[in-house]
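Note: hydrogens, waters and symmetry copies are ignored here, and every other heavy atom, side chains too, is used.
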Amino acid sequence: MADVYSKPMINAYVCFSFEDLLKEEKTTVIELNALEKKIEASFSAVPEKSFKVPLGKAQLDSMASSQLPEEVVAFEKFLQQTGGRLGGWDDFDHQSFLKVWTKHKGKTSYLEEALAYLPSRTSEDIEQHETWYKEFLVLEEKKKESIQKWKAKKQQEKMEISKLQEKTKEISGFEQQQHEEAQRQKFEEERRKRQQELEAWKRQKEIEAAAKLEARLKEEEERQRKERKERQRQLEVKLVVEEHARIKKEREELIRMEKEMREEAEREERKRIAAYEICRFQERDQHKIEEKTHEKRAKEEAEKEKEKRLAKLKEKVQVHVDRDPSRLCKLTKGWEERNKNIGPTGSAPLVHIPHRAVPTWRQGL
């Protein structure tokens, strides 16, 4: 009786365990692939730039990270929070720090040389970076050990699954066929479901991509429209400026020509006036010269006429007097006549009068 019930129970237990093992195997394969991709992405990430997960894969990565070992999650979280595999530094500064730090084997004597290699960093920055790097090494080592343990565990589970698969081969062909058919249908259902989810996710992404592309095309069209409008405005402004410059140039040219014509007319007028004034001055000078010549000639004739008259007068009044030196001591005729009227005052002739002469109109006073 025990043998009758034991075989179906064993078969049911084996089928149940086989399904669980197949499910775990599939989960393990998915986890291994996700982990390998995650590790490759973490090692191939660009320094100083945080890895940006695509929008469609954000939910899958969050689900995969929940199944990863704690050390791996802690290491990835540490990198995201501290600025990546360079700790927020650029590659040159980080490599210079590693060169000096490795040379001194992590001793504090490296700090002075590090400051020389890193002039843009302070000692506090270097010490903080050293603290970060030590924690980075510790977390990275834990991550490697955790991955190795995780791989070993999954390999062990895979070996157990293989052993269990070998044991299931001993089950009867009918039961095996039914189990495989049920498993195949289950796998097919899961695959179909995942395919539907994947197709829905792809359609959603295509819709989002189409919407983004349409928005980008609209933005590009709007930008081109604005650029065309701006170029048209600049062209109109340029034409207006050129037209204004042309009109201004023509106006200046016209003003210049008018000024030249006016200056030429003024020069001609000044030449005409100068020629007229020169002729007038020449006529006036000629007239003055003629007048002076005439006056000179008249004066010369008057002088000649005067000389002639004087010569005639001289001939008329010319007196021939004999030379008599004794006349110097004699009284003049006028004095003699005066003395006749006054009368003598003494017996002797008056030669010297000690007083002034008395006018005739005062002689009786």
Side-chain angles (χ1 to χ4, degrees), residues 27-157 205 208-209 212 215-216 219-220 223:
T27 305
T28 304
V29 172
I30 294 173
E31 290 177 353
L32 283 172
N33 292 333
L35 182 60
E36 288 177 358
K37 291 180 180 179
K38 188 75 174 181
I39 293 172
E40 290 175 0
S42 66
F43 280 103
S44 62
V46 180
E48 296 296 318
K49 292 183 180 179
S50 60
F51 179 72
K52 294 182 178 180
V53 182
L55 183 61
K57 296 183 180 180
Q59 186 176 1
L60 296 176
D61 286 346
S62 62
M63 292 174 62
S65 64
S66 64
Q67 299 174 359
L68 293 174
E70 295 181 359
E71 291 80 0
V72 176
V73 176
F75 180 73
E76 294 297 329
K77 188 175 181 181
F78 173 75
L79 290 181
Q80 292 179 1
Q81 292 176 351
T82 57
R85 299 185 64 84
L86 299 180
W89 283 23
D90 55 70
D91 184 66
F92 178 80
D93 288 354
H94 182 68
Q95 294 299 329
S96 301
F97 167 79
L98 287 181
K99 180 180 178 181
V100 178
W101 191 79
T102 306
K103 177 181 177 182
H104 290 267
K105 298 179 181 180
K107 297 180 181 179
T108 56
S109 58
Y110 84 95
L111 187 59
E112 183 176 355
E113 187 174 353
L115 287 172
Y117 276 92
L118 302 169
S120 62
R121 304 288 182 178
T122 62
S123 58
E124 290 79 6
D125 294 338
I126 296 173
E127 288 174 355
Q128 290 177 3
H129 195 67
E130 180 188 12
T131 303
W132 168 86
Y133 185 65
K134 287 180 180 179
E135 186 175 356
F136 169 81
L137 294 177
V138 172
L139 293 176
E140 188 177 32
E141 186 63 29
K142 289 181 179 180
K143 170 191 161 186
K144 290 180 181 179
E145 293 176 357
S146 176
I147 290 174
Q148 293 296 329
K149 291 179 181 179
W150 186 82
K151 285 184 176 181
K153 181 181 177 182
K154 295 303 178 181
Q155 187 66 26
Q156 183 67 27
E157 291 178 355
K205 290 304 170 184
E208 293 178 358
K212 289 182 180 178
R216 191 162 59 248
E219 290 178 358
E220 182 67 19
R223 184 183 62 80

Short side-chain donor-acceptor distance under 3.5 Å, Asp93 and Ser96: no
Trace of the side chain to side chain contact (heavy atoms under 4.5 Å, CB included) decision for Glu140 with Phe78: CA-CA 10 Å; Glu140 188 177 32; Phe78 173 75; over 6 Å; no
Over all atoms of both residues, closest heavy-atom pair of Thr82 and Trp132: OG1-NE1, 3.0 Å
Closest non-hydrogen atom pair between Ile126 and Leu111, with its separation: CG2-CD1, 3.7 Å
Spacing of NE2 belonging to His129 relative to CZ belonging to Phe136, to within rounding of 0.5 Å: 9.5 Å
Aromatic plane relationship, Phe97 with Tyr133 - under 30° parallel, 30 to 60° tilted, over 60° perpendicular: perpendicular
Expected output: side-chain Ser146 to main-chain Lys142 donor-acceptor under 3.5 Å: no
Charged N-O contact under 4.0 Å between Glu141 and Lys144: no
Residue pair Arg85, His94: steps toward the side chain to side chain contact (heavy atoms under 4.5 Å, CB included) verdict: CA-CA 10 Å; Arg85 299 185 64 84; His94 182 68; over 6 Å; no
Over 12 non-hydrogen atoms of neighbours within 6.0 angstrom of CD in Glu220: yes
Residues Lys99, Lys103; criterion side chain to side chain contact (heavy atoms under 4.5 Å, CB included); working and verdict: CA-CA 6 Å; Lys99 180 180 178 181; Lys103 177 181 177 182; 5.7 Å; no
Derivation and outcome, side chain to side chain contact (heavy atoms under 4.5 Å, CB included), residues Gln128 and Arg121: CA-CA 11 Å; Gln128 290 177 3; Arg121 304 288 182 178; over 6 Å; no
Residues Arg223 and Glu219 bridged, charged N to O under 4.0 Å: no
